[in-house]
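Here is the structure we will look at.
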Amino acid sequence: MSDPTETVKAILPQVLTASRAGRRRLVALVGPPASGKSTLAGMVAEQLTAAGTKTVVVPMDGFHLDNSLLYAQGLLPRKGAPETFDVGGLLRVVSALAETDTVYFPKFDRNSDIAVAGAGVVSQTCDTVIVEGNYLLFDAFGWRDLQAYWDFSIQLDVPLPVLRDRLIDRWLSHGLTHDQAIDRAEQNDLRNAERIVASALEADVTVSC
């Protein structure tokens, strides 16, 4: 596996030299559940900001549909699948991020399992935005429209057995029993991971981690 610190060092020059289509530089950081997206996005944003390029991370998780809507549609057991997100809302926010001075965005509260509107802000002084999520390079209706907004894209590649171990540990930390954690990982998260790999659009950089 790649050393995250070395990965960040390798990525920074590529991000900084990527041409931008809009006012802000938009970077997609994509990977399956438990691939390390949030950690790497935070590290890259911290280093870019320290280098004088103010950077904010916008997680795709804020666009989870509410549990009540998922329950009504019979999708609650599949939460985290592409159809359980508001892709239209995500597209509108990503479009605004490229040009609008100040953009508010929702964040996902894992403790309450709910998205909170207006919980994050990209200020007018922000130069670069890292959008991190599972389906930012997903070749499916609605999702593929996101690719046109990315000035630079990074795909994380993690073997499925490694993801399985990480996911089981994640659900154990959330209070599930060992059997429940295995079921949650295998029946939902890993199925989503397989869909991401099978329908991935090409990224500018692929990182093994």
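Note that this is a predicted model, so its numbers are computed, not measured. Note: hydrogens, waters and symmetry copies are ignored here, and every other heavy atom, side chains too, is used.
- The closest donor-acceptor contact from the side chain of Asp86 to the backbone of Leu65 lies at 3.5 Å or more, if one exists at all.
- With contacts defined as side-chain heavy-atom distances shorter than 4.5 Å, the pair Leu176/Asp183 does not qualify.
- Atom-to-atom distance recorded for Asn192:CG and Asn134:CG is 7.0 Å, nearest 0.5 angstrom.
- Looking at Val103 and Val121, their side chains never come closer than 4.5 Å, going by heavy atoms from C-beta outward.
- Summarising the geometry of Ile168 relative to Ala185, their closest heavy-atom pair is CG1-CB, 4.1 Å, with the distance given to 0.1 Å.
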Could you please spell out the steps behind the side-chain hydrogen bond (donor to acceptor under 3.5 Å, both in side chains) verdict for Ser199 and Asp139?
-> CA-CA 5 Å; Ser199 299; Asp139 191 9; over 6 Å; no
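- Between Ser35 and Val158, the shortest heavy-atom contact is CB-CG2, 3.7 Å.
- From Leu16, atom CG reaches atom CD of Gln47 across 11.0 Å, with rounding to the nearest 0.5 Å.
- Here ring pair (Phe, Tyr, Trp, His ring centres under 6.0 Å) pairs that include residues 104-133, with residues two or more places apart or in two chains, are His64-Phe108.
- Screening Leu90, Val94, Ile196 against Leu136 for a side-chain contact (heavy atoms from CB on, under 4.5 Å) leaves a single residue, Leu90.
- The structure places CD of Gln147 at 13.5 Å from CZ of Phe138, a figure rounded to the nearest 0.5 Å.
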Full working for side chain to side chain contact (heavy atoms under 4.5 Å, CB included) between Val131 and Leu29 = CA-CA 6 Å; Val131 184; Leu29 202 160; over 6 Å; no
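- Using a 4.5 Å cut-off between side-chain heavy atoms of Ile, Leu, Val, Met, Phe, Trp and Tyr, with links allowed through other members, Val207 and Met60 fall into different hydrophobic clusters.
- By the 4.5 Å heavy-atom criterion applied to side chains, Asp61 and Arg110 are counted as neighbours.
- One side chain, Asn67 or Asp113, offers a donor N or O that lies under 3.5 Å from an acceptor on the other.
- Linking Ile, Leu, Val, Met, Phe, Trp and Tyr whenever their side-chain heavy atoms come within less than 4.5 Å puts Leu12 and Leu156 in one cluster.
- Under the 3.5 Å distance criterion, the side-chain polar atoms of Asp151 are matched with a main-chain donor or acceptor of Ala21.
- Residues Leu137 and Ile154 do not share a hydrophobic cluster, clusters being chains of Ile/Leu/Val/Met/Phe/Trp/Tyr side chains in contact below 4.5 Å.
- Val8 and Val205 fall within a single hydrophobic cluster, where Ile, Leu, Val, Met, Phe, Trp and Tyr are joined by side-chain heavy atoms under 4.5 Å apart, directly or via other members.
- No donor-acceptor pair closer than 3.5 Å links the side chain of Thr49 to the backbone N or O of Glu46.
- Taking each heavy atom of Ala115 and Gly62 in turn, the nearest pair found is CB-O, 3.3 Å.
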For Thr5 and Met43, what are the C-alpha separation, side-chain angles and deciding distance, and is it a side chain to side chain contact (heavy atoms under 4.5 Å, CB included)?
-> CA-CA 8 Å; Thr5 303; Met43 292 174 68; 4.1 Å; yes
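- By the 30° and 60° cut-offs, the orientation of the rings of Tyr135 relative to Phe85 is perpendicular.
- By the neighbour-count criterion of 12 heavy atoms within 6.0 Å, atom CD of Glu6 is densely surrounded, having more than that number from other residues, nucleotides or ligands.
- Judged purely by atom type and a 3.5 angstrom limit, Gln14 uses its side chain to pair as donor or acceptor with the backbone of Ala10.
- Within the structure, ring pair (Phe, Tyr, Trp, His ring centres under 6.0 Å) contacts touching residues 10-34 (residues at least two apart or in different chains) do not occur.
- Between Arg195 and Glu83 a salt bridge is recorded (basic side-chain N to carboxylate O distance below 4.0 Å).
- Between Lys37 and Gly133, the closest heavy-atom pair is CD-O, 3.5 Å.
- Using a 4.5 Å heavy-atom threshold, the side chains of Trp143 and Leu201 count as separate.
- Other residues, nucleotides and ligands contribute more than 12 heavy atoms inside 6.0 Å of the NZ atom of Lys79.
- Sequence neighbours left out, the pairs with a member in residues 13-31 that pass salt bridge (charged side-chain N to carboxylate O under 4.0 Å, His left out) are Arg20-Asp127, Arg23-Asp101, Arg25-Asp127.
- Thr17 places a side-chain N or O within donor-acceptor distance of the main-chain N or O of Pro13, the cut-off being under 3.5 Å.
- Residues Leu97 and Val30 are members of one and the same hydrophobic cluster, defined by side-chain heavy-atom contacts under 4.5 angstrom among Ile, Leu, Val, Met, Phe, Trp and Tyr.
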Step by step, work out the side chain to side chain contact (heavy atoms under 4.5 Å, CB included) result for Arg164 and Leu190.
-> CA-CA 7 Å; Arg164 181 181 183 275; Leu190 289 175; 3.8 Å; yes
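- Heavy-atom minimum distance, Thr84 versus Arg78: CG2-O, 3.5 Å.
- With values rounded to the nearest 0.5 angstrom, Trp150 atom CH2 is found 6.5 Å from Leu26 atom CG.
- Between Pro33 and Leu167 the shortest heavy-atom distance is CB-CD2, 3.9 Å.
- A donor-acceptor contact closer than 3.5 angstrom is absent between the side chains of Thr177 and Asp179.
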Side chain to side chain contact (heavy atoms under 4.5 Å, CB included) assessment of Thr128 paired with Val27 = CA-CA 8 Å; Thr128 298; Val27 178; 4.1 Å; yes
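- Between Trp171 and His174, the angle of the ring planes lies from 30° to 60°, which puts this pair in the tilted group.
- Residues Arg170 and Asp189 have side chains not in contact (no heavy-atom distance under 4.5 Å, counting atoms from C-beta outward).
- Contact annotation: the side chain of Thr102 never approaches that of Val122 to less than 4.5 Å [non-hydrogen atoms, C-beta and beyond].
- Taking 4.5 Å as the limit, every side-chain heavy atom of Val57 sits out of range of all side-chain heavy atoms of Thr55.
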Between Lys54 and Thr125, is a side-chain hydrogen bond (donor to acceptor under 3.5 Å, both in side chains) present by the stated rule, with each step listed?
-> CA-CA 7 Å; Lys54 184 173 181 182; Thr125 60; 3.1 Å; yes
